[in-house]
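Worksheet: the structure to be examined is printed underneath.
Sequence lines set the chain letters: A, B, ... in the order given, protein chains first and strands last, and positions in each chain run from 1. Scope of the values below: all heavy atoms of this structure, side chains included, with no hydrogens, waters or symmetry mates.
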Amino acid sequence: MRAKRFHGLKKIKLRQTWSKYNLYNLSRVTAPNIKERTYYQQKWSAKSITRAYHGEAVREKKWQRMFRPYIRSVVPMNHTYLAETDGSDEAAGRGSGKDVQKAARTPPRTPYMNMVYAELERRLDTAVFRAMFASSARQAREFVIHGYVKVNGKKMIYPGYRLNPGDMFQVEPDRVLFATGAPKDRQERRASRVYRSKMSAKDKEDPDTPSQSLSTPTKNTSSTDPPEPKEPKNILPQLLDHAKNILSKPSDDLTAKRKQSLRAFQLTLKRTLSRPNSLTDSIDAQLQEMAHKLNISLPASTTEPDAYDSPAPTPSRDNNLAKTMAISDSEKRLLKRALIDARENPIDPSKPYATPWRPREYMSAFAFIPRYLEVHHKVCSAVYLRHPVARPGMAEVPTPYNIEQNGLAFNWYLRRR
Amino acid sequence: MFTWLSGPGAAFRQPLPGSTNYLSAYDPAGRLIRATQKTRPKGPESEDDIEIDTETPSPEKNTQGEKPIPKETLDDLMPFPMNRQFRSEPVLSEELKDEIFRQWKEEGKTVRRISADMQVEMRRVGAVLRLKSVEEEWKNQGKPLATPYARSILSMLPVTRYAPQVPITAHESINDLPVHTSTLRQVFHPVSESRRFTRTDAGRVFDPTLLPADERIPHPELIDAYRDIGKSPEDRAVAQQQREKKEADIKEAKRRIWAEEEERRVTKVETERWEFRFRDVSVEDAGRDGRGRNGVGARYGMPHEDRKKGIVKIPRRVE
């Protein structure tokens with residue numbers, strides 16, 4: 001028998017992925033028609049479609065053992081109300097408060113039924129996917145099995161590990177960037193092939209010195225570790241070529257701002273390259289030098305986002321160069337951003353994703369972080385704060401189906417066997 | 001599918017600058033609903049007590065001379081169009097995390113205090129401190145941070161902003177009362193009309209040990225602080241200090257009692273080479289079926305269950 005399609009277009013099964021197929025299915029999916037169907041049939045189909053999304057890699061028996069009919073919920077309390085009253089007014093009269101003219105606003109109902117699959121959200125692979133460290137639950141599962149995920153600082157290779165409140169999990173940043181970044185296009189793949197063959201040729205020439213990129217596969221995103229630290233002169237033309245490549249392609253991937261910043265960056269590079277004496281030892285020093293000449297304060301290698309967002313400082317009076325180059329403030333800001341980008345997000349053909357890193361397509365439609373996780377994306381780490389809860393008007397378990405379908409699925413699993 | 005992807009679905013290919021980009025924010029033709037509507041009718045959502053502070057699109061962000069996109073409403077924050085009970089909720093911005101970390105590190109504030117001041121749940125404050133410490137460690141080690149990734153993810157999510165001079169936006173409700181199992185049933189309890197029947201009494205009806213909501217919420221000290229509002233600022237500060245001291249004292253006393261008990265339970269025998277520690281165990285701990293969780297040692301004739309079907313064979317906790 002042929003294996004079933006994961007993203008079928010005929011019979012819609014929503015999945016835990018950021019795929020465009022899944023997005024298309026999500027855009028047109030409707031609740032199944034439950035008229036003229038027995039209650040058993042309704043429950044069966046509800047269970048079937050919800051389970052296709054929630055833990056499809058978990059065997060049914062395993063999930064049935066995991067399922068708990070008890071649903072966690074909270075009620076937000078107002079401390080001023082608690083301070084002002086002791087609750088006796090609510091029991092006054094005939095036991096349900098004295099009659100008042102103005103009817104109190106009823107709080108929204110708590111969607112308990114949407115919490116059926118709360119226990120599955122505890123699984124490590126699901127949590128890695130929910131924290132946006134992987135593009136699908138299956139990929140998250142792979143990361144765990146391949147040993148890229150740590151729980152409380154220790155390697156955890158079981159995707160079925162159920163997180164306890166307070167557990168911190170970390171994923172290898174390189175894997176996260178690979179999972180969430182855009183894939184390489186044809187030219188970039190070619191560039192990395194060329195790069196690899198160069199590196200292997202180099203290794204053959206002098207086998208004593210191990211290759212820089214192969215020995216340090218985890219280093220990334222910072223040009224303080226350039227792939228070829230011995231030949232900084234070669235890097236700038238490479239960067240320039242790459243910027244040209246990106247700009248010449250008629251692609252709608254780049255935003256206008258990004259294009260502008262790339263052009264500005266290209267310009268600076270050209271200027272620097274035209275002065276051969278100015279080439280210093282490392283690309284970092286060069287960037288610093290460029291920044292200095294343009295009178296832009298380039299932050300240290302550990303760049304804060306504030307530095308990225310804040311406007312560039314005003315030029316000092318005695319800087320002649322900046323005046324002669326006649327660069328306006330906005331240009332300067334762009335250039336500064338380009339410089340920071342070049343440092344944090346360099347072009348590196350040794351990476352398995354398109355560099356400079358950019359988010360993959362159709363990712364924003366799936367981007368949300370549930371409240372039971374606290375995620376720090378900079379270090380690709382997250383804390384599982386507590387179990388998901390239901391509260392008035394909101395259930396924290398991310399499920400694409402409505403309360404009726406989830407309720408039917410809940411009733412399916414409630415049955416005694 | 002590809003017709004949809006190149007038509008209405010094209011909006012989802014790249015993130016919308018300075019805003020979230022969920023399916024529910026678009027109509028079937030792929031137009032952004034809040035950008036097409038001139039004046040949005042005030043729905044019931046706008047009266048909701050849940051405050052959503054999303055990233056406000058600044059004029060700089062739309063450079064192409066377009067009008068800035070209006071702020072998202074709750075309807076635009078539903079990633080799953082069918083499930084209206086699930087919304088994408090704001091996450092902490094980098095500035096807010098930095099501020100929390102600063103208050104803890106430099107001002108030496110307690111987690112409880114930071115939580116009440118910044119309107120962020122206590123567990124979340126603790127997690128932020130832990131994660132920021134990891135970041136500091138990485139910086140010290142010179143390990144590269146995934147900054148471009150973090151920046152682009154935060155631009156796709158609703159974010160709770162922080163600025164020093166601006167009044168604080170509540171990130172979430174900090175006084176969530178967990179629903180107790182014993183309160184899930186409905187009770188008919190006759191009480192005389194003249195009796196003052198309070199929350200504490202109601203709790204006792206459900207379960208004799210159930211505490212009233214005033215003591216079960218995460219921030220009971222806010223109730224006392226609210227009752228002090230009429231007093232002078234000095235008195236309030238003194239009362240606040242007293243409360244904090246009292247809490248710290250209770251915590252310390254509990255810890256001391258526990259340490260003393262532990263000391264009493266363990267008999268230490270010092271030899272030249274080792275310090276032997278003996279702890280009394282009871283055979284009864286294993287229970288009648290010999291499988292009690294506190295039972296010590298292997299039992300003759302009682303096979304282990306660890307290979308049986310349905311028994312969890314992977315770690316249950318990582319210390």
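A 6.0 Å sphere centred on CZ of R317(B) holds no more than 12 heavy atoms belonging to other residues, nucleotides or ligands. Atom CZ of R65(A) is surrounded by more than 12 heavy atoms from other residues, nucleotides or ligands within 6.0 Å. Heavy-atom contacts from other residues, nucleotides or ligands closer than 6.0 Å to NZ of K308(B) number 12 or fewer. Surrounding CD of E193(B) are at most 12 heavy atoms belonging to other residues, nucleotides or ligands under 6.0 Å away. In the displayed structure, F206(B) atom CZ is contacted under 6.0 Å by more than 12 heavy atoms of other residues, nucleotides or ligands.
Atom-to-atom distance recorded for L26(A):CG and F12(B):CZ is 9.0 Å, nearest 0.5 angstrom. One distance of note links CD of E121(B) with CD of E374(A); it measures 10.0 Å at 0.5 Å rounding. Going from atom CE of M82(B) over to atom OG1 of T399(A) covers 8.5 Å, rounded to the nearest 0.5 Å. Interatomic distance, CD1 of I71(A) versus OG1 of T181(B), reported as 12.0 Å (0.5 Å rounding). Put simply, CE on M132(A) and CE on M156(B) are 6.0 Å apart, with the number rounded to the nearest 0.5 Å.
Using a distance-only test at 3.5 Å, with no hydrogens or angles considered, a donor-acceptor pair links the side chain of N164(A) to the main chain of R316(B). Looking only at distances, a side-chain donor or acceptor of N152(A) sits under 3.5 Å from a matching main-chain atom of V318(B). Between the side chain of R130(B) and the backbone N or O of G166(A), at least one donor-acceptor pair lies under 3.5 Å. Side-chain atoms of D176(B) never come within 3.5 Å of backbone atoms of V74(A) as a donor-acceptor pair (strictly under, hydrogens ignored).
Considering only heavy atoms from C-beta on, P8(B) stays 4.5 Å or farther from Y24(A) through its side chain. Looking at R216(B) and M77(A), their side chains never come closer than 4.5 Å, going by heavy atoms from C-beta outward. Contact annotation: the side chain of N402(A) never approaches that of R84(B) to less than 4.5 Å [non-hydrogen atoms, C-beta and beyond].
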Verdict with reasoning, Y362(A) to L5(B), per side chain to side chain contact (heavy atoms under 4.5 Å, CB included)
CA-CA 10 Å; Y362(A) 305 105; L5(B) 283 178; 3.9 Å; yes

Would you sort out whether R124(B) and R371(A) count as a side chain to side chain contact (heavy atoms under 4.5 Å, CB included), showing the intermediate values?
CA-CA 9 Å; R124(B) 196 177 303 280; R371(A) 274 276 162 89; 3.3 Å; yes

Applying side chain to side chain contact (heavy atoms under 4.5 Å, CB included), run through D214(B) and H79(A) and close with a yes or a no.
CA-CA 8 Å; D214(B) 315 43; H79(A) 71 268; over 6 Å; no

Decide side chain to side chain contact (heavy atoms under 4.5 Å, CB included) for I223(B) and T80(A); before the verdict, give the C-alpha distance in whole Å, the side-chain angles of both, and the deciding distance to 0.1 Å.
CA-CA 7 Å; I223(B) 297 175; T80(A) 54; over 6 Å; no

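The two atoms that bring Y161(A) and P315(B) nearest to each other are CD1-O, 3.1 Å, heavy atoms only. Smallest separation of non-hydrogen atoms from A127(B) and L385(A): CB-CD2, 3.5 Å. Contact record, V375(A) with K97(B): O-NZ, 3.1 Å, taken as the closest heavy-atom pair. Minimum interatomic distance between S381(A) and L131(B) (heavy atoms only, all atoms of both residues): CB-CD2, 3.6 Å. Contact between A83(A) and Y226(B) at its shortest, heavy atoms only, is CB-CD2, 3.3 Å. Pairing each heavy atom of E135(B) with each of V379(A), the nearest pair is CA-CG1, 3.7 Å.
If you measure heavy-atom distances from A382(A) to chain B, the contacts under 4.5 Å come from the backbone alone. For L373(A), the part sitting under 4.5 Å from any heavy atom of chain B is the backbone (N, CA, C, O) and nothing else. Contact of I229(B) with chain A is not made at all, since no heavy-atom distance falls under 4.5 Å. For E172(B), the parts sitting under 4.5 Å from any heavy atom of chain A are the backbone and the side chain alike. Heavy-atom distances place no part of E90(A) under 4.5 Å from chain B, backbone and side chain included. There is no contact between F188(B) and chain A, counting heavy-atom distances below 4.5 Å. Both the backbone and the side chain of L222(B) have a heavy atom closer than 4.5 Å to some heavy atom of chain A. Contact of S173(B) with chain A is made through the side chain alone, with heavy-atom distances under 4.5 Å. Both the backbone and the side chain of S27(A) come within contact range of chain B, judged by heavy atoms closer than 4.5 Å.
Using cut-offs of 30° and 60° for the angle between ring planes, the F368(A) and F80(B) rings count as perpendicular. Taking the six-membered ring for Trp and thresholds of 30 and 60 degrees, Y149(B) and F133(A) have ring planes inclined between 30 and 60 degrees apart.
Annotation: maximal heavy-atom pairing with chain B below 4.5 Å, among K20(A), R391(A), E396(A), M168(A), occurs at M168(A). For the set M156(A), Q405(A), E84(A), the entry with the most heavy-atom pairs within less than 4.5 Å of chain B is E84(A). Ranking R386(A), Q170(A), R360(A) against chain B, the residue ahead of the rest is R386(A), based on heavy-atom pairs under 4.5 Å.
Taking 4.0 Å as the cut-off between side-chain N and carboxylate O, K378(A) and E94(B) count as a salt-bridged pair. Between R196(B) and D86(A) there is a salt bridge, with a side-chain nitrogen of the basic residue lying less than 4.0 Å from a carboxylate oxygen of the acidic one.
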